[in-house]
Amino acid sequence: MANIVIIGTQWGDEGKGKIVDLLAEYADMVVRFQGGNNAGHTMVVNGEKFISHLVPSGILQKKTCIIGNGVVVDPKVLLDEIDYLKEKGVTVDPDKLMICEKAHVIMPYHKNIDVASESMKGKNRIGTTGRGIGPCYDDKVSRRGIRFAELVDPEVFRERLLSVLPEKNFILEKYLSCEALDAESIIKEYSSYSKRLAPYVANISVVIHRAMKEGKHVLFEGAQGTHLDIDHGTYPYVTSSNTVAGNACCGSGVGPKEITGIVGIVKAYTTRVGEGPFPAELLDETGDYMQKKGDEFGATTGRKRRCGWLDMVLLRNAARLNSLTGLAITKLDVLGGLKTLKICTGYEYNGKLLRDFPASLKVLSTCKPVYEEMPGWDEDISGIRSLKELPKTTRNYLRKIEKLAEISINIVSVGPGRDETIMIKNPLKSKGQRGKGTGHKAKKG
Ligand code: GDP
Ligand code: IMO
Ligand code: MG
C-alpha cells in the first residue's frame with residue numbers, strides 16, 4: 001500500500017497536475033485536500049490539454065476522485081468542470097467523483113467580497129485570484145460557513161443563509177460600496193446546484209479509509225505551493241489554507257500514520273503569480289526568456305507569472321516543512337539555451353548569510369540572493385526519456401539540486417505531455433524502475 005502526497009515546493013504552478021495525472025495510472029484514488037478553484041492544474045495527454053480547478057487530476061486516468069473536507073467548493077465552477085470533462089468524453093459520474101459533506105461552499109458574497117476588498121486595498125493588494133477563497137475560509141474559521149451537508153438540505157440551507165446574509169450585505173454595501181445580494185435569488189440559484197451535486201456528496205473519510213483497508217493506493221493532490229501556506233508562506237502574500245503535506249490528513253479525514261511518502265514538485269526555476277516577495281526574481285531578459293519559453297501564464301487567471309532562478313532556500317524549507325521523501329523536477333526543458341545557470345543557495349542579509357527562509361517580510365525584502373553558477377546546455381531535451389541520454393551539464397544541474405536539497409529525484413519532466421517524462425523511481429511502485437539515478441547519493445528518498 002502506498003499513500004503518497006504530491007505537494008508544490010515553491011509558489012504554485014510547479015506542474016502538480018502533470019505529475020498527479022502521470023502517477024494516477026498506478027493509484028486507485030486521487031484526493032484534493034485544500035484550496036479551491038484558485039488552483040489551475042494542467043494535464044496534457046496525446047497533445048490535448050485539460051485544465052482542472054476542482055476535480056482531482058486523476059480523472060483522465062479514470063480513477064476515483066475525491067474532493068476532501070479541506071477544499072472550498074464553488075458549486076457552479078464544479079458543475080461547469082464536470083460538463084467540460086463530459087464534453088471531452090471523460091466520465092464524471094458519482095462513482096468516479098465524490099465531494100465531502102464537510103467541504104465548505106463558496107457563496108456569491110465570498111466572491112464579491114474578495115474582489116471588492118482587493119480593489120479597496122489598492123497597492124497593498126495580495127493579488128488574489130478573486131475566486132472567493134479567502135472569504136470562504138474566513139467564514140469556515142469564524143463558524144459562519146455553509147457546508148455541503150447544509151447545501152443539500154433546502155430547509156437548513158435557507159436558515160443558514162438568512163442568518164449570515166444581513167452581515168454580508170452590511171459589509172458589501174456600507175464598507176465595500178457594492179450592491180447587496182438578494183436571499184431568494186441565491187436560494188434559487190444554489191438549490192439548482194444542490195439538486196445536481198447531491199448524488200456526489202459523501203462521507204469521504206469513510207470512503208478513503210475503506211479503500212486503504214483494501215490495500216488501494218491513494219494519491220493526495222496538493223494545490224498552490226508551500227510558500228503560499230497560510231502559516232509557513234510569505235504571509236500575508238499567501239493563500240488562505242495550509243498547503244503543506246501535513247494538511248493532506250486534516251483536509252481529507254485521514255490519520256498521519258497512513259501516509260507513506262511525500263513527493264515535492266520543483267519547477268527547475270521559480271515562478272510566482274500575484275504580489276509578494278520573490279528574492280531570486282529576474283526582471284531582465286533571462287526572466288523574459290523563462291516566461292516566454294515556459295509559457296508562464298496563470299492557468300486560472302491568465303496573469304503573466306513572474307520568473308527567477310531556482311531557489312534552494314525555498315526548497316530546503318519545503319523539504320523540512322513537508323518531510324519530503326522524493327522530488328519531481330519539472331520544466332527542465334525550459335532552461336535549455338541558457339549559457340549559464342544560477343542556483344540561489346542562500347540570502348545575504350546585513351552582511352550575514354541566511355540559509356533559512358526568514359518570516360519577516362521586512363528582512364526578506366532586503367535579502368540579496370547568493371548564487372552558484374553552472375554551465376547550461378543548448379540541446380532540446382524534450383525527446384529524452386532516460387537520465388543517461390541527458391547532456392552532462394543537465395545531469396550536473398540535477399545532481400546539484402539533489403546534493404543541496406539532500407533528497408533524491410524520483411521524476412524529471414522535460415515537457416508538458418504525460419509521456420515527456422524520465423521516471424527514475426516511481427513512488428507508487430515498491431520495487432520501482434530505479435535506474436542508476438543522477439549519481440548523487442542523497443540522504444533521503
Ligand atoms: P500546477 O498548478 O502545479 O498543476 O501547474 P500548472 O498547470 O498551473 O502550470 C504548469 C504548466 O507547465 C502547465 O502549462 C503544464 O502543462 C506545463 N508543464 C508541466 N511540466 C512541464 C515540463 O516539464 N515542461 C514544460 N515545457 N511544460 C511543463
Ligand atoms: P496552483 O494549485 C499559483 C496565489 C494568488 C495570490 C495568492 C492568494 O495552480 O498551483 P487566493 O485567490 O488563493 O486568495 O490568492 O495565492 N495563488 C496561486 N498561485 N498557483 C496557484 O494554484 C495559486 N492559488 C493561489 O495568485 O498571490
Ligand atoms: Mg496552477
Side-chain angles (χ1 to χ4, degrees), residues 6-22 32 34-45 47-54 56-57 71-72 74 106 110-111 113-115 117-118 125-138 221-230 233-241 243 264-269 271-278 290 292-306 328-336 380-382 384 411-422:
I6 307 292
I7 211 87
T9 59
Q10 294 152 321
W11 279 293
D13 304 326
E14 295 90 349
K16 298 175 291 292
K18 161 167 176 172
I19 302 299
V20 170
D21 167 69
L22 170 79
R32 273 278 310 267
Q34 48 72 227
N37 59 307
N38 46 350
H41 295 181
T42 316
M43 297 155 271
V44 179
V45 184
E48 198 178 354
K49 185 167 165 174
F50 297 80
I51 297 179
S52 105
H53 301 285
L54 279 166
S57 304
V71 180
V72 289
D74 184 326
I106 296 184
H110 292 140
K111 291 181 268 190
I113 290 173
D114 192 0
V115 173
S117 59
E118 276 282 279
R125 68 186 182 278
I126 304 294
T128 72
T129 58
R131 303 301 194 258
I133 307 297
C136 186
Y137 279 116
D138 280 352
E221 175 179 2
Q224 291 81 53
T226 300
H227 295 87
L228 286 170
D229 183 280
I230 185 75
T234 43
Y235 190 90
Y237 297 97
V238 291
T239 191
S240 298
S241 62
T243 60
I265 314 297
V266 185
K267 198 177 277 189
Y269 47 99
T271 61
R272 174 162 206 168
V273 208
E275 310 304 316
F278 181 174
M290 293 168 174
K292 289 203 178 74
K293 191 163 178 209
D295 197 20
E296 294 293 356
F297 290 99
T300 298
T301 58
R303 290 176 291 177
K304 239 186 199 183
R305 294 177 184 142
R306 300 152 64 191
I329 309 295
T330 60
K331 304 195 91 158
L332 191 60
D333 53 305
V334 175
L335 294 182
D380 172 9
I381 60 167
S382 59
I384 292 180
I411 301 167
V412 178
S413 172
V414 291
R418 191 189 276 167
D419 56 334
E420 290 175 301
T421 309
I422 301 171

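Numbering of ligands and ligand atoms starts at 1, following listing order.
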Going by the side chain to side chain contact (heavy atoms under 4.5 Å, CB included) test, name the single residue among V72, T300, I106 that passes it with N37. I106

Atom 15 (O) of ligand 2 sits nearest the protein heavy atom T128 CA, 3.3 Å

Give the intermediate values and the outcome of side chain to side chain donor-acceptor pair (under 3.5 Å) for residues E221 and S57. CA-CA 8 Å; E221 175 179 2; S57 304; 2.7 Å; yes

Check: T129 and R303 side chains under 4.5 Å, non-hydrogen atoms: yes

So how far is it from H41 NE2 to L54 CG, rounded to the nearest 0.5 Å? 10.0 Å

Pull out every atom of ligand 2 sitting under 4.0 Å from any heavy atom of R303, numbered as shown with elements. 5 (C), 26 (O)

Hey, is R272 one of the residues with a heavy atom under 4.0 angstrom from ligand 2? no

Listing by chain and number, what protein N/O/S atoms are under 2.8 Å from the Mg ion (ligand 3)? D13 OD1, G40 O

Of the protein's non-hydrogen atoms, which lies at the shortest distance from atom 18 (C) of ligand 2, and what is that distance? L228 CD1, 3.6 Å

Does even one non-hydrogen atom of G415 get within less than 4.0 Å of ligand 1? yes

Is the side chain of R306 donor-acceptor paired with the backbone N or O of V273 at a distance under 3.5 Å, no angle test? no

Looking only at protein heavy atoms, what sits closest to atom 23 (O) of ligand 1 is S413 OG, 2.5 Å

Within-cut-off N or O pair, G40 and ligand 2, under 3.5 Å: yes

Just which atoms of ligand 2 are under 4.0 Å from any heavy atom in W11? 3 (C), 19 (N)

Within this structure, what is the OH-CG distance for the pair Y235 and D229, rounded to the nearest 0.5 Å? 11.5 Å

State, to 0.1 Å, how close E118 and T128 come at their nearest heavy-atom pair, and which atoms those are. OE1-N, 2.9 Å

Looking only at heavy atoms of S240, does any of them come nearer than 4.0 Å to an atom of ligand 2? no

Below the 3.5 angstrom mark, is there an N/O of D13, backbone or side chain, next to an N/O of ligand 2? yes

Would you compute the distance between atom CD of Q10 and atom NE2 of H227 and round it to the nearest 0.5 angstrom? 9.0 Å

Should you measure from each heavy atom of G274, which atoms of ligand 2 turn up under 4.0 Å away? 27 (O)

For D21 and R418, run salt bridge (Lys or Arg N to Asp or Glu O under 4.0 Å): C-alpha distance rounded to whole Å, both residues' side-chain angles, the deciding distance at 0.1 Å, then the answer. CA-CA 7 Å; D21 167 69; R418 191 189 276 167; 2.7 Å; yes

Could you report the tightest heavy-atom contact between W11 and L228, atom names first, then the distance? O-CD1, 3.3 Å

Answer yes or no: does an N/O atom from V44 fall short of 3.5 Å to an N/O atom of ligand 1? no

For the residue pair E14 and V266, establish whether any side-chain heavy-atom pair is separated by less than 4.5 Å. no

Atom indices of ligand 1 within 4.0 angstrom of G17 heavy atoms, with elements: 4 (O)

Logged contact type for K18 with ligand 1, heavy-atom cut-off 4.0 Å, is side chain

Under 3.5 Å between any N/O of L332 and any N/O of ligand 1: does that happen in this structure? no

Does K331 use its side chain to pair, donor to acceptor, with the backbone of G294 at less than 3.5 Å? yes

Just to confirm my output: which protein heavy-atom neighbour is closest to atom 7 (O) of ligand 1, and how far is it? T42 OG1, 2.6 Å

Which atom pair, heavy atoms only, marks the closest approach of A223 to A39? CB-CB, 3.9 Å

Just do the salt bridge (Lys or Arg N to Asp or Glu O under 4.0 Å) check on R131 and D74 with the steps written out, would you? CA-CA 8 Å; R131 303 301 194 258; D74 184 326; over 6 Å; no

Taking only heavy atoms of A39 into account, list the atoms of ligand 2 that are under 4.0 Å away from them. 1 (P), 2 (O), 9 (O), 22 (O)

Distance to 0.1 Å, residue and atom name: give those for the protein heavy atom nearest to atom 6 (C) of ligand 2. G127 O, 3.1 Å

Using only heavy-atom distances, determine whether the side chains of S241 and Q34 contain a donor-acceptor pair under 3.5 Å. yes

Determine whether the side chains of T330 and K18 contain a donor N or O and an acceptor N or O closer than 3.5 Å. no

Would G40 count as a contact of ligand 1 if the rule is a heavy atom under 4.0 Å away? yes

Side chain, backbone, both or neither: which part of D333 has a heavy atom under 4.0 Å from ligand 1? side chain

Would you say that M290 contacts L335 through its side chain, given a criterion of any heavy-atom pair below 4.5 Å between the two side chains? yes

Pairs of nitrogen or oxygen atoms closer than 3.5 Å, one from K331 and one from ligand 1: do any exist? yes

Please list the nearest protein heavy atom to atom 7 (C) of ligand 2 with its residue and the distance rounded to 0.1 Å. V238 O, 3.9 Å

The protein heavy atom nearest to atom 23 (C) of ligand 2 is Q224 CG, 3.6 Å

Gap separating the NZ atom of K304 from the OG1 atom of T271, nearest 0.5 angstrom: 14.0 Å

Please report which non-hydrogen protein atom sits nearest to atom 13 (O) of ligand 2, along with the residue it belongs to and the distance in Å to one decimal place. T239 OG1, 2.6 Å

Quick one: CD on E48 to CE on M43, what's the gap to the nearest 0.5 Å? 11.0 Å

Please work out, at 4.0 Å between heavy atoms, whether the side chain, the backbone, both, or neither of I265 comes within that distance of ligand 1. neither

Side chain to side chain donor-acceptor pair (under 3.5 Å) between R272 and T234: does it pass, once the steps are laid out? CA-CA 12 Å; R272 174 162 206 168; T234 43; 3.2 Å; yes

Using modelled atom types and a 3.5 Å cut-off, is there a donor and acceptor pairing between side-chain atoms of T42 and backbone atoms of I51? no

For H41, take its heavy atoms, then give the atoms of ligand 1 lying under 4.0 Å from any of them. 1 (P), 2 (O), 4 (O), 7 (O)

Purely on distance, is any nitrogen or oxygen of T129 under 3.5 Å from one on ligand 2? yes

Would K16 count as a polar contact of ligand 1, with the cut-off being nitrogen or oxygen pairs under 3.5 Å? yes

Number the atoms of ligand 2 from 1 as they appear, then name those within less than 4.0 Å of a heavy atom of K16, with their elements. 1 (P), 2 (O), 10 (O)

Identify, for atom 10 (C) of ligand 1, the protein heavy atom at the shortest distance, and state residue, atom and that distance. D13 O, 3.8 Å

Ligand 2 atoms nearer than 4.0 angstrom to some heavy atom of I126 are 27 (O)

Answer yes or no for R305: is there a heavy-atom contact with ligand 1 below 4.0 Å? yes

Quick one: closest heavy-atom pair of T239 and I133, and the distance? OG1-CG2, 4.2 Å

Atom 27 (O) of ligand 2: nearest protein contact (heavy atom, Å): V273 O, 3.2 Å

So is R131 close enough to ligand 2, meaning a heavy atom under 4.0 angstrom away? no

Taking 4.0 angstrom as the limit and counting only heavy atoms of A223, give me the atoms of ligand 2 inside it, by number and element. 2 (O)

Pairs of nitrogen or oxygen atoms closer than 3.5 Å, one from G12 and one from ligand 1: do any exist? no

